[in-house]
Amino acid sequence: MRSDGEMNAAHGHSVRALCMSDRDDVACVLMPAWAGEMIDVYDTKGIEVDQVKAHGDVPRFHKVALRSLCVGEPLHKYGEVIGIVSAPISRGDYVHTHNIVSAKVGVGR
């Protein structure tokens, strides 16, 4: 059986992601994205604001990096700091607990 992402590509549909603020470093994919797929990034008004190529698989409703980030930099989502980068992140990378630490005190440390 084919996955959602494979079916989307087969039918010519692009993977979409939502960026909540122009200050965000990440966008949330609205369907699974597979390595090598292009992700169309939209703002909250439905305007396409960016396009990024996924470096690896990104599960549905997870984050993809919109810019490269170095260890120690703050990571923004919703226009707010949600974490600190714990491993280098390149534009198009899957962003999750393997490369960020929560900005909440004591979470993920």
Can you list everything that forms a side chain to side chain donor-acceptor pair (under 3.5 Å) with N99? Sequence neighbours excluded, please. none
Value for CD1 (I47) from SG (C19), rounded to nearest 0.5 Å, stands at 12.5 Å
With sequence neighbours left out, write down each residue that passes side chain to side chain donor-acceptor pair (under 3.5 Å) with R23, or none if nothing qualifies. none
Looking only at atom types and distance, does a side-chain atom of S21 sit under 3.5 Å from a main-chain N or O of Y78, one as donor and one as acceptor? no
Using the side chain to side chain contact (heavy atoms under 4.5 Å, CB included) criterion, which residues pair with E48? Sequence neighbours excluded. D40, Y42, Q51
Is the shortest distance from a Lys or Arg side-chain nitrogen in D25 or R67 to a carboxylate oxygen in the other one below 4.0 Å? yes
Let me confirm one number: the CG-CG distance from D50 to D24, rounded to the nearest 0.5 Å. 12.0 Å
Is D93 paired with K63 through a side-chain N to carboxylate O contact shorter than 4.0 Å? no
Nearest-0.5 Å distance that lies between atom CD1 in I89 and atom CG in L75: 6.0 Å
When rounded to the nearest 0.5 angstrom, what is the spacing between CD1 in I84 and CD1 in I100? 9.5 Å
A quick test of your reading: do over 12 heavy atoms of other residues, nucleotides or ligands sit less than 6.0 Å from CZ of R16? no
Pair Y94, H62: side-chain N/O donor-acceptor within cut-off below 3.5 Å: yes
Keeping H55 on the side-chain end and A35 on the backbone end, is there a donor-acceptor pair under 3.5 Å? no
